[in-house]
**Student:** 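Starting off with a structure, shown below.
The figures here come from the full heavy-atom set of this structure, side chains too, leaving out hydrogens, waters and symmetry mates. Each chain gets a letter, A, B and so on, in the order its sequence line appears, and its residues count up from 1.
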Number of protein chains: 2
Amino acid sequence: MNGTMNEKPFAQTAETVRNLESLRIETPPVTLREMALDRLRDAIIAGLFNPGQRLVERTLCDQLGVSRSVIREVLRHLETEGLVETAPKQGPIVALIDWRQARQIYDVRIALETTAVADCARNADSRTKEKLKEILQDLDRNSRKNDALTILAATTDFYETIFLSGGHEIAWDIVKRLNSRISRLRVMTLSTTNRTVSGPARMREIFNAIERNDPDAAAAACRAHIEEAARIAQSLLVPVDQPKL
Amino acid sequence: MNGTMNEKPFAQTAETVRNLESLRIETPPVTLREMALDRLRDAIIAGLFNPGQRLVERTLCDQLGVSRSVIREVLRHLETEGLVETAPKQGPIVALIDWRQARQIYDVRIALETTAVADCARNADSRTKEKLKEILQDLDRNSRKNDALTILAATTDFYETIFLSGGHEIAWDIVKRLNSRISRLRVMTLSTTNRTVSGPARMREIFNAIERNDPDAAAAACRAHIEEAARIAQSLLVPVDQPKL
DNA sequence: CGTGATATTATGGTATACCATCATATGGAA
DNA sequence: TTCCATATGATGGTATACCATAATATCACG
């Protein structure tokens with residue numbers, strides 16, 4: 001359990017131990033719960049369920065082929081993530097989001113992403129810059145397709161690289177979780193033709209600022225990137241009388 | 001469920017509806033799960049369990065007097081909150097925190113709290129300012145006692161008022177959750193005599209900046225407040241060889 | 001025809017049962 | 001005495017059973 005294991009008859013150098021570590025069969029005790037969690041989360045993010053739709057436990061059992069114990073633990077997890085709400089006297093439903101919440105999420109993203117981007121501009125090494133460059137190049141090549149999901153994936157890669165290069169795993173976790181809550185908005189936002197053009201353009205602005213180690217410019221471009229998305233999201237959410245989405 | 005209910009024979013004014021709303025009996029279907037969740041979370045935050053300590057499900061069942069179903073759902077919730085980790089081949093343990101994670105948490109707090117504080121300085125109404133003033137006055141009165149928990153509660157009140165006055169519930173949720181993960185650090189940090197003096201002083205700086213509607217100064221004071229706490233936390237975490245806490 | 005009471009169903013909350021695995025203990029053989 | 005093998009217990013993963021409640025349907029009565 002700890003380092004006080006009885007010594008083997010031959011000397012184990014640190015090198016040896018490291019090699020043995022790499023030999024270790026990554027025991028993936030993939031539990032049903034983990035699989036069900038990923039499945040259900042992906043389904044909600046992909047929009048397979050509509051916001052506000054009830055998630056009846058026994059129905060999910062049939063659909064996922066697992067027992068209620070598993071489903072309930074998964075639902076608790078997704079509830080804590082904010083993807084599922086539990087309506088009183090009704091049970092779990094897919095979380096609803098209104099413009100008020102969405103605006104808050106964009107605000108938190110601005111706070112965290114501008115920080116990460118500026119930090120990256122200050123400290124990024126050449127490997128990081130190279131990786132960002134590649135992501136943008138791939139995006140340019142594929143942007144002809146106007147495929148919202150492709151752009152979304154590239155955008156995620158882009159920001160993940162930025163966050164993780166600076167060792168900001170916790171902030172990235174938070175951003176990821178927030179993004180999952182506005183996944184519909186993100187897809188709809190990207191489907192706007194404006195956006196499929198300007199999004200990558202904004203990201204290139206950010207990259208350029210990072211490449212020339214200009215934290216302030218990078219942060220400004222990042223803020224603009226998110227504010228632009230927020231404006232489109234608002235136009236999608238607010239006009240309707242009942243801002244249900 | 002929505003606004004399309006069949007009309008009653010007599011006109012229901014908005015006024016009437018509002019009165020009826022206030023009549024509604026707040027049905028608090030306090031489930032065992034919710035109670036167990038609060039109990040266990042408080043216990044972990046209060047340090048009743050040590051970091052890394054195993055949380056054996058059946059033992060918790062006895063201690064809380066509920067079944068494993070309840071305990072397991074609670075553990076899933078706390079796991080998602082980051083208060084509990086699940087060690088492979090071992091089960092749930094109280095989450096460990098090292099300086100690397102703590103530093104990240106302080107960074108996120110800086111990003112979110114400076115934003116909230118600046119926003120508050122821009123927009124705070126007189127009621128908010130009055131409330132903040134009262135919190136600080138209470139704190140001054142009670143600070144003689146040097147009671148870390150009292151200061152902690154007041155600090156929480158202070159920031160909660162700031163976040164919620166600007167309608168930043170989501171950011172506040174995030175900060176609360178992060179703070180619970182460094183609860184031990186916060187208590188230890190406050191126990192430092194330096195801190196019990198300078199903490200309130202920093203908060204007064206923030207308040208003064210808010211009162212005179214100076215967002216930049218408020219943000220700067222807030223950043224200083226957190227950086228100071230982070231420095232103390234670092235001195236507590238880093239020196240030890242195995243940064244276990 | 002409707003109105004109210006009762007039966008039925010759906011559904012979430014809770015408890016329990018069963019199983020596989022891993023750690024530990026126990027005991028026997030060399 | 002040492003070491004290996006089997007037994008035993010602890011523990012998490014999973015499934016199922018049971019219950020209370022709320023919504024719905026059914027039916028009898030006026």
Side-chain angles (χ1 to χ4, degrees), chain A residues 1-10 24-40 44 49 52-80 83-95, chain B residues 1-2 4-9 24-40 44 49 52-80 83-95:
Chain A
M1 200 62 65
N2 45 31
T4 65
M5 51 179 60
N6 39 12
E7 293 299 314
K8 292 293 167 57
F10 57 91
R24 170 179 234 92
I25 292 177
E26 272 312 326
T27 165
V30 185
T31 62
L32 285 182
R33 168 162 44 91
E34 292 177 77
M35 294 192 294
L37 173 62
D38 290 338
R39 291 281 189 95
L40 190 52
I44 292 176
F49 300 93
Q53 179 175 342
R54 289 187 58 177
L55 297 170
V56 178
E57 297 179 355
R58 284 173 174 83
T59 307
L60 292 175
C61 290
D62 294 343
Q63 292 172 332
L64 294 185
V66 296
S67 74
R68 275 185 71 207
S69 320
V70 173
I71 291 294
R72 284 181 61 89
E73 290 179 30
V74 166
L75 288 174
R76 288 297 83 77
H77 189 114
L78 293 176
E79 186 180 2
T80 312
L83 247 48
V84 166
E85 299 172 357
T86 301
K89 303 289 184 189
Q90 185 181 4
I93 62 175
V94 178
Chain B
M1 198 63 66
N2 46 31
T4 66
M5 50 177 61
N6 38 13
E7 293 300 313
K8 293 294 169 56
R24 170 178 235 90
I25 292 176
E26 274 310 327
T27 164
V30 184
T31 62
L32 283 184
R33 169 163 43 89
E34 293 177 76
M35 293 192 294
L37 173 62
D38 289 339
R39 292 280 189 96
L40 189 52
I44 292 176
F49 300 93
Q53 178 174 344
R54 289 187 61 176
L55 297 171
V56 178
E57 298 179 356
R58 285 172 174 84
T59 306
L60 292 175
C61 291
D62 293 341
Q63 292 172 332
L64 294 185
V66 295
S67 75
R68 276 185 70 205
S69 320
V70 174
I71 291 294
R72 284 181 62 90
E73 289 179 31
V74 166
L75 287 174
R76 289 296 84 76
H77 189 113
L78 293 176
E79 187 179 2
T80 312
L83 247 48
V84 166
E85 299 173 357
T86 301
K89 303 290 184 188
Q90 185 181 1
I93 62 175
V94 178

**Student:** A:Arg72 near the nucleic acid: base, sugar-phosphate alone, or nothing, with a heavy-atom cut-off under 4.0 Å?
**Tutor:**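 Since a base atom lies under 4.0 Å of A:Arg72, the category is base.
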
**Student:** Could you work out which one of C:dT14, D:dG13, D:dA15 sits closest to the side chain of B:Thr31?
**Tutor:** C:dT14

**Student:** If you pin A:Arg54 and B:Val66 to their nearest nucleotides in DNA chain C, which one's is more 5'?
**Tutor:** A:Arg54

**Student:** Among C:dT14, C:dG12, D:dT14, find the nucleotide with the atom closest to the side chain of A:Arg33.
**Tutor:**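 So the nucleotide nearest the side chain must be D:dT14.
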
**Student:** Rounded to whole Å, please give me the gap between CD1 in A:Ile71 and P in D:dG13.
**Tutor:**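 Value for this atom pair: 16 Å.
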
**Student:** Send over the distance from A:Gln90 CD to D:dT21 P, rounded to a whole Å.
**Tutor:** 19 Å

**Student:** Quick one: A:Arg68 CZ to C:dT11 P, roughly how many Å, whole number?
**Tutor:** 11 Å

**Student:** Within a strict 4.5 Å, meaning less than it, do heavy atoms of the A:Leu32 and A:Met35 side chains meet?
**Tutor:** yes

**Student:** For DNA chain D, whose closest nucleotide is more 5', that of B:Val56 or that of A:Ser69?
**Tutor:**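 So the residue in question is B:Val56.
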
**Student:** Kindly compute the distance separating CG (A:Leu55) from CD1 (A:Ile93), expressed to the nearest 0.5 Å.
**Tutor:** 8.0 Å

**Student:** Quick one: pull up CG in B:Leu75 and CD in B:Glu85 and give me the separation to the nearest 0.5 Å.
**Tutor:** 13.0 Å

**Student:** Please report the distance, rounded to the nearest Å, between CE in A:Met35 and C1' in D:dT14.
**Tutor:** 12 Å

**Student:** Would you confirm whether A:Arg54, through its side chain, and A:Gly91, through its main-chain N or O, come within 3.5 Å as a donor-acceptor pair?
**Tutor:**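 No, A:Arg54 side chain to A:Gly91 backbone: no donor-acceptor pair under 3.5 Å.
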
**Student:** Given C:dG13, D:dA15, C:dG12, which nucleotide is nearest the side-chain atoms of A:Leu32?
**Tutor:**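 Between C:dG13, D:dA15, C:dG12, the one nearest the side chain of A:Leu32 would be D:dA15.
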
**Student:** Measure the distance from CD on A:Glu79 to P on C:dG12 and round it to the nearest whole Å.
**Tutor:** 12 Å

**Student:** Can you tell me how far C1' of C:dG13 sits from CD of A:Glu73, to the nearest Å?
**Tutor:**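 The distance from CD of A:Glu73 to C1' of C:dG13 comes to 14 Å, rounded to the nearest Å.
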
**Student:** Taking atom CZ as the centre, does A:Arg39 end up with more than 12 heavy-atom neighbours from other residues, nucleotides or ligands that are less than 6.0 angstrom away?
**Tutor:** no

**Student:** For the pair A:Arg76 and A:Glu73, find out whether any cationic side-chain nitrogen is under 4.0 Å from an anionic carboxylate oxygen.
**Tutor:**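 Salt bridge: no.
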
**Student:** Using a cutoff of under 3.5 Å, can you pull out all pairs of nitrogen or oxygen atoms linking the protein to nucleotides 19-22 of chain C, with atom names and distances?
**Tutor:**
| from | atom 1 | to | atom 2 | distance (Å) |
| --- | --- | --- | --- | --- |
| C:dC22 | OP1 | B:Lys89 | NZ | 2.6 |

